[in-house]
Each structure stands twice: as structure tokens, then as C-alpha cells.
Number of protein chains: 2
Amino acid sequence: MSQPLYQVVYDEIIKRIVDGRYPPGNMLPSEFDLGAELGVSQGTARKALTELEKRKIVERRQGRGTFVTLRTPENSMFHFFRLRSPEGEQVVPEPGTEKVVRRQSNKNERGALFGNPRSVFEISRTRNFRGEPLSQEVSVVPTDLFPGLPDRAPLPNTLYVLFQQAYSCVIIWAEDSLRAGVMGKELAEDLGVDASKPVLVAERKSYDLQGRVVELRTSTFITDNVSYSVRMD
Amino acid sequence: MSQPLYQVVYDEIIKRIVDGRYPPGNMLPSEFDLGAELGVSQGTARKALTELEKRKIVERRQGRGTFVTLRTPENSMFHFFRLRSPEGEQVVPEPGTEKVVRRQSNKNERGALFGNPRSVFEISRTRNFRGEPLSQEVSVVPTDLFPGLPDRAPLPNTLYVLFQQAYSCVIIWAEDSLRAGVMGKELAEDLGVDASKPVLVAERKSYDLQGRVVELRTSTFITDNVSYSVRMD
DNA sequence: GAGTGGTCTAGACCACTTT
DNA sequence: AAGTGGTCTAGACCACTCC
């Protein structure tokens, strides 16, 4: 066989999630039913489901069933927002300002984003933590994938929840590139801090279920009271 | 049963690696032999081995066998050194200066490191990339775990290879806490750059096979020509 | 050809959740 | 009690590596 059977089952389930047959939060058929339907044994269906669980595409609970993962503010924060307080706790930032504009993409954005879009939405937001300025985040997404997005302002704290629930676009992984920099004059005014302040700059590419790059994000963090936590294993 | 059988098998294999019965690079018994010896089926032995492979404790290759992972400069770099060039390639730094001293631990180190050591080695090193200063790294390890370490100077580029091969201490995961900062006067002199330069500071805790914190490391990176890459999934 | 890991099956029983 | 995922077994065959 060119492709393992469990891979075929895996792909088929992804397809059904993408096309809406298994909507977010819904229960999938049992291992036996899925196996019977697709003509494989329970063990093979199980292996596909285990793989899907590892990538957090489904959630399984003994005695209950297997469910399509529903992005919530909690799990979205936990997976994609890596700031921790000095005590090691997850930082839950307070929303600050927000601005959404439609504009032409630049060459870099056009090359990186799915569909080489000429038109993008730019979502700029600031956040605070314990009353102090914490960050600015600028997300750039293709307008094609997210029609009417500016009308939804104010946007939720966690964009990826909106992407899944309103646009059936599920971010499953992302890559950050981190550098040190200085705040800069423009941003310093926005956040009300000194322009020479050192900041942590994170450039992110976000990938969805179908492997498409659907968001480019540049985050600027003030790391006086928080740190960006990375686990390597 | 209180503990799954495959977990018992997993723990037993770890034990055998730690006590030297399965030395680094050596081949383990086959799934069948391992199962027979421990009184479980091949499938159960397999599940334990798969778990060990996921955590990179063993490597498996079809037709060859299962081997205790041997830390090499290559895989050590790949797993624990996250700097990438602008083109996205792994950065291979050039060694700079090196200094190893024995000193008393401070309260923080004593509390965090395994065995609450009063005596530690401090390994300070600088690195360059493409001829430019890149980083300073200061590692702190208990003297008890690494006797005679200063005599081994110059140390290899990748400490973790030495830890495994000379001290049977296998680092399997680590956690970095990242912040932005400024270089500072002292370090600026060492590296020959401006003291006000923004830098990326990474504080690391490294854990070995037995779950012990065996190293605290503070790295200071100049991110003019590199970025610290993080994959979230 | 012998030995290894990789895939797949069929069936059993356990642990947990819901009705 | 019924239905789910979790563990475990025994056995088959395939794909790959090495001798």
C-alpha cells in the first residue's frame, strides 16, 4: 500500500471537519462505527483518532466520546499566547485600543499569505497587564477569507476563536520568530511609554487545518513584568 | 490495574538506560524479546517504545532496530539551540571565549538545581556568527553531578553531548523564559559592542531523564542577524 | 534468509459517563 | 444497562536492512 490506512482515515476525518460534516464541538462516530463505515478495523480508526488528538484537532474523553476541538478563549490563550508572569502563571491581558483597516498588501504579505491576496485586513490592538501597557499586536489577514470582519468590531480578545466560529478557519499551529528591539517613537506614543524602551518583537505565521498561512502577526511585548515562555522537548 | 502495563515497561526501560544496562547508542532488544522478557505482548512493548521515541529517548528505524538516542552536536543544536538566520536556516555559531569557575551557589540556584547544591560550576562562553559577536551564555551546574568538569576545557560547543557521554546525564527537555533587555556595560566590553544595544535574554532550566534540574543557563543574544524561532503546535 | 520495525486485524476486558 | 474510549493480547503480513 502506498499510504497507510490510518492516514487515509485521518485525511477523511480532516476533510469532514473542513467541509462542515463534523462541526466544531460535535461528537464523532465511535471508533467501531467509524471503522465499519470506512472499512477498517477499530484499531486502525483508533490510530487515526489518536493522531488527530495529538494535534489537538479532536478531543477524546473516556466514556463520553470524541469531539471536534472547539476553540475557546482559554485553550487559544494557552496554546498561542506564551507570556507568563514572574510567578510562572499564564498572563491574561486586558484589552486596550483596537483598529481594523482594509488596505493593499505589500509584497512580503502577498508572498506569504494563502492565495497571494492583494487586499488584506490589518488589525492593530494594544493590551495591558495589571494596569500597565503590555503589548501591541498587528495581525494581517486576507480579506477573502474573512469577509465582513471589520463589521464585527469590537473583536474578541482571542482572534482564533472568531476565525473558527465565524469563518470555519481553524488555526492549528503557528511559528514565532523573536528578536529584541526598541519601541520606536510611533508605538511609544500609542502605548504611552519611553521610545528607547527595549521590547521583544515576535513575528508570527499562523497555519490552519488545511495548511494555509492565514495570518501574519507582529507583536511587540514589553517584558518588564512578563516573560515569553518556551518549552523544548 | 493502577498503572497501565506499557507505563511499567516504559519506566523499566528508562531505569535500564539510567543504570547503564542500555548505554547510549546501543540497540535495545526487539519488541518481541522485550515483551517476552517483561511478560507482556509485543503490542504493549511497542506502545512503550513508541512513547520513548516521541520523547526522543530512543530512536527506531525499520529493519535496523531501536537504539538509545545518542546526543550529537547536530541533534543537540537542532533541539535546544533555536536561533535561525533570516533565511530560516539553523545558525551554527563559532566558539568565542570560555571560562569555567567553581563558586558558591546563590539562594536562587540552590533552590532550583537538583540536590540543592552549595557548590556549582559556572561556565561562561561567548559565541560569534559570521564573524560578528552573537551571544554570551552562562551555565550553572552542580559540581556534584559533573566532577572534574573544569579539567575538560576547552569544552565542546554543545554541552549536552558532554553531559551524556562523560556523565551519563541526558538532558531531555528544557524551558526558556525570554525577555528583552539591554546589553549592559560589563558584557558589552566582553563582546565588543555598544552597551545600550537591545538584546534577547533567555533564562533556561534544563531537565534530565530522571526529571532533575541539572542546569540553569542565562543566554544573551544579539538578534541583529538572527531570530529565536518557536513552533507552537 | 533472518531479523527488525510498521501496519492491520479481531477479539477481549476494563474504566468511565450517561441514561 | 448501554455506549464510549483505554488497555492488552495473539497473530498475520509487509517493508526495510544486513549478512
Side-chain angles (χ1 to χ4, degrees), chain A residues 1-17 21-70 72 75 172, chain B residues 1-17 21-70 72 74-75:
Chain A
M1 78 218 50
S2 56
Q3 223 191 179
L5 269 183
Y6 66 79
Q7 187 64 50
V8 175
V9 174
Y10 179 98
D11 291 343
E12 175 63 22
I13 296 172
I14 292 266
K15 205 170 102 187
R16 293 183 181 188
I17 293 174
R21 271 196 281 177
Y22 297 154
N26 271 45
M27 184 176 162
L28 267 62
S30 74
E31 297 176 350
F32 277 100
D33 292 351
L34 209 44
E37 191 197 340
L38 300 176
V40 301
S41 73
Q42 169 265 350
T44 300
R46 179 175 180 77
K47 174 143 188 177
L49 291 170
T50 300
E51 206 65 25
L52 287 159
E53 185 186 33
K54 206 164 66 184
R55 305 194 193 179
K56 303 191 184 73
I57 295 169
V58 302
E59 289 173 353
R60 326 190 69 194
R61 258 173 300 173
Q62 194 177 56
R64 303 230 314 135
T66 301
F67 302 83
V68 181
T69 300
L70 192 60
T72 63
N75 69 28
I172 56 169
Chain B
M1 77 218 49
S2 56
Q3 221 190 181
L5 268 183
Y6 67 79
Q7 186 64 49
V8 175
V9 174
Y10 179 98
D11 291 343
E12 176 62 23
I13 296 172
I14 292 265
K15 204 170 103 189
R16 293 184 179 187
I17 294 174
R21 271 196 281 177
Y22 297 153
N26 270 46
M27 184 177 162
L28 268 62
S30 73
E31 298 176 349
F32 277 100
D33 292 350
L34 209 43
E37 191 197 339
L38 300 177
V40 302
S41 73
Q42 169 266 349
T44 299
R46 178 174 181 76
K47 174 143 190 177
L49 290 170
T50 301
E51 206 64 24
L52 287 160
E53 185 184 34
K54 205 165 69 185
R55 305 195 193 177
K56 303 192 183 71
I57 296 168
V58 302
E59 289 173 355
R60 324 190 71 195
R61 257 175 300 173
Q62 194 177 55
R64 302 231 316 137
T66 302
F67 302 81
V68 181
T69 300
L70 192 61
T72 63
E74 289 69 33
N75 70 28

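Treat the numbers as computed from the prediction; the structure is a model and nothing was measured. Naming: A, B, ... by sequence-line order, numbering from 1 per chain. Keep in mind that the numbers below use all heavy atoms, side chains included, and drop hydrogens, waters and symmetry copies.
Partners of A:Glu53 by salt bridge (charged side-chain N to carboxylate O under 4.0 Å, His left out), not counting sequence neighbours: none found. Scored by the salt bridge (charged side-chain N to carboxylate O under 4.0 Å, His left out) test, B:Arg16 finds B:Glu12, B:Glu37 as partners (sequence neighbours excluded). Judged as a salt bridge (charged side-chain N to carboxylate O under 4.0 Å, His left out), and not counting sequence neighbours, the contacts of B:Lys54 are B:Glu51. With sequence neighbours left out, the side chain to side chain contact (heavy atoms under 4.5 Å, CB included) criterion links A:Pro24 to A:Leu70, A:Gln164. Residues passing the side-chain hydrogen bond (donor to acceptor under 3.5 Å, both in side chains) test with B:Arg60 are B:Glu31, B:Thr66, sequence neighbours excluded. Legend: residues meeting side-chain hydrogen bond (donor to acceptor under 3.5 Å, both in side chains) with B:Gln62, ordered by chain and number and at least two apart, are absent.
At a threshold of 4.5 Å between non-hydrogen side-chain atoms, the residues A:Ile13 and A:Leu34 count as touching.
The separation between B:Tyr10 atom OH and D:dC8 atom P is 16 Å, rounded to whole Å. The distance from atom CZ of B:Phe32 to atom P of D:dA10 is 11 Å, rounded to the nearest whole Å. The nearest whole Å value for the distance from the CG atom in A:Leu34 to the C1' atom in D:dG5 is 13 Å. A:Gln7 has its CD atom 14 Å from the C1' atom of C:dG6, to the nearest Å. Distance, B:Glu31 CD to C:dT7 P: 11 Å, rounded to whole Å. A:Leu5 places its CG atom 16 Å from the P atom of D:dC13, with the value rounded to the nearest Å. The CG atom of A:Leu49 sits 9 Å away from the P atom of D:dG6 (whole-angstrom rounding). Atom CZ of A:Arg46 is separated from atom C1' of C:dG6 by 18 Å (rounded to the nearest Å).
Between A:Lys47 and C:dT7 there is a side-chain polar atom (N or O) within less than 4.0 angstrom of OP1 or OP2. Contact annotation: A:Arg60 side-chain N/O to D:dT4 OP1/OP2 distance is not under 4.0 Å. Neither OP1 nor OP2 of D:dC8 sits under 4.0 Å from any side-chain N or O of B:Tyr6.
Contacts between residues 61-70 of chain A and DNA chain C, counted as heavy-atom distances below 4.0 Å, involve A:Gln62, A:Gly63, A:Arg64. Residues from residues 37-44 of chain B with heavy atoms under 4.0 angstrom of DNA chain C: there are none.
Closest to the A:Pro4 side chain, of the nucleotides C:dT7, C:dG5, D:dT4, is C:dT7.
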inquiry  = Set out, in order, the CA-CA distance, both residues' side-chain angles and the distance that settles side chain to side chain contact (heavy atoms under 4.5 Å, CB included) for A:Ile14 and A:Leu52, then state yes or no.
reply    = CA-CA 9 Å; A:Ile14 292 266; A:Leu52 287 159; 3.9 Å; yes
For residues 4-11 of chain A, please give each side-chain donor-acceptor pair under 3.5 Å, one per line with the distance, not counting sequence neighbours.
from: A:Gln7; atom 1: NE2; to: A:Asp11; atom 2: OD1; distance (Å): 3.2
from: A:Tyr10; atom 1: OH; to: A:Arg55; atom 2: NH1; distance (Å): 3.2

